[in-house]
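One structure is given here, and the rest of the page talks about it.
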Amino acid sequence: MSSPSTPHPAEGPRAARGRPPRLDQGRTARAALDLLDEAGLDALTMRRLADAVGVQAGALYRHFATKQDLLTVMAERMLEGCSAPPPEGDWSERLTVLAHRMRTALLAHRDGARVYAGTHSTGANTLGFAETLVGVLREAGFRGEDAARAVLAVVNFTVGHTLEEQAALQPGDSAAAGAGPADPDRLRRAVAARDFPHLTAALPVLTSTDFAAHFAFGLNLLVQGLRATERNGPAGAAEARP
């Protein structure tokens, strides 16, 4: 028996005969993510998505009042699997695993961080991921208020870093340019043309595309900052209990 979200093999996007394929959020979100990977966020339009799922553009608005609603559903789908409990270990290790898991999920799709930024899903994937993050910190003895703000800091850092990472690696419009918008040679030339000795010394890192190392360093700074607010006393432990 075919799943309602899976079109029958005989049905194409624009079937010549029979009823149009059933429209549901799951199938539409998958199609939207496929279009995102193919052409990027700027080329993802409601009309193009409607063509991909074989419906009139107006039909999409029965499920998504605005394009922002569509992006929210896409963001929710990107976090699928991220809420699984991390391996046992120190809270900092578990928090690090979750942050890397989120970065990987956003990097799995072209412009993934741009899609996620500014969305506020209340779906199971998003809330489950937040629940796991907060739980790791509260179970470690952090006060509820500190745990909540820590989660905001970690998520905002992860999304912001991935936004910059994907923007830097996005191919440029000009094939002759051979580089994305963040051209390291352009930065080198600009620094060399002026007296910036400190920037000159930092250029090997500033022009590096080892974004995994950049992310790990920044995340470690966050973790070390959280250690300064860590609560292991009776008050923190009492609040951590349900």
Side-chain angles (χ1 to χ4, degrees), residues 36-44 68 71 74-75 78-79 82 86 90-120 129-130 133 136-137 142 145-230:
L36 180 73
D37 293 338
E38 175 188 326
L41 181 56
D42 293 333
L44 176 61
Q68 187 62 34
L71 297 182
M74 293 168 65
M78 284 193 291
L79 289 193
C82 288
D90 180 73
W91 67 263
S92 61
E93 297 170 353
R94 305 184 83 209
L95 186 72
T96 298
V97 167
L98 290 168
H100 279 281
R101 192 180 288 174
M102 183 181 194
R103 172 176 172 262
T104 298
L106 298 181
L107 287 175
H109 296 282
R110 180 174 174 178
D111 292 332
R114 283 183 63 197
V115 170
Y116 187 90
T119 60
H120 302 282
F129 181 66
L133 274 171
V136 164
L137 291 168
F142 282 83
E145 182 178 324
D146 290 339
R149 289 198 169 114
V151 166
L152 291 174
V154 169
V155 169
N156 290 341
F157 167 70
T158 302
V159 174
H161 181 280
T162 312
L163 272 169
E164 293 294 335
E165 179 174 356
Q166 291 187 312
L169 298 179
Q170 184 73 26
D173 293 333
S174 171
D183 183 354
D185 287 333
R186 181 182 179 187
L187 177 59
R188 291 188 188 98
R189 290 192 299 270
V191 170
R194 298 170 177 85
D195 183 21
F196 292 135
H198 300 303
L199 282 179
T200 299
L203 273 177
V205 173
L206 295 177
T207 58
S208 170
T209 56
D210 188 355
F211 291 100
H214 299 332
F215 182 75
F217 184 87
L219 184 59
N220 183 60
L221 289 181
L222 276 175
V223 168
Q224 295 306 316
L226 287 173
R227 288 199 183 280
T229 61
E230 190 173 1

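Listed by chain and number, the residues in a side-chain contact (heavy atoms from CB on, under 4.5 Å) with Thr119 are Gln68, Leu71, Thr72, Ala75, Tyr116 (sequence neighbours excluded). Among residues two or more places apart in sequence or in another chain, the side-chain contact (heavy atoms from CB on, under 4.5 Å) test is passed with Asp37 by His109, Arg110. In this structure Ala117 satisfies the side-chain contact (heavy atoms from CB on, under 4.5 Å) test together with Val159, Leu163, sequence neighbours excluded.
Atom CD of Glu38 and atom CG of Leu44 lie 10.5 Å apart (nearest 0.5 Å). We find the CZ-CG distance between Phe215 and Asn220 to be 11.5 Å, quoted to the nearest 0.5 Å. Note: Leu95 CG to Asp90 CG = 10.0 Å, rounded to the nearest 0.5 Å. Atom CG of residue Leu106 and atom SG of residue Cys82 lie 7.5 Å apart, to the nearest 0.5 angstrom.
Residue pairs satisfying the ring-ring contact (aromatic ring centres under 6.0 Å, His included) criterion with at least one member in residues 183-213, sequence neighbours excluded, are listed as follows: Phe211-His214. For the side chain to side chain donor-acceptor pair (under 3.5 Å) condition, the pairs that include at least one residue of residues 147-168, sequence neighbours left out, are Arg103-Glu165, Glu145-Arg149. Here side chain to side chain donor-acceptor pair (under 3.5 Å) pairs that include residues 202-212, with residues two or more places apart or in two chains, are Arg188-Thr207.
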Side chain to side chain contact (heavy atoms under 4.5 Å, CB included) for Leu137 and Asp146? Distances and angles first, verdict last.
CA-CA 9 Å; Leu137 291 168; Asp146 290 339; over 6 Å; no

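Closest approach of Ser92 and Arg227 over heavy atoms only: OG-NH2, 2.9 Å. Minimum heavy-atom separation, Ala99 to Leu219: CB-CD2, 3.7 Å. Across every non-hydrogen atom of Trp91 and Val136, the tightest pair is O-CG1, 3.7 Å.
Taking the side chain as every heavy atom from C-beta outward, Val151 and Phe129 never approach each other to under 4.5 Å. Contact of the Arg94 side chain with the Leu98 side chain is not registered, since no non-hydrogen atoms from C-beta on lie closer than 4.5 Å.
With respect to Thr96, the side-chain contact (heavy atoms from CB on, under 4.5 Å) criterion is satisfied by exactly one of Val154, Val223, Leu222: Val223.
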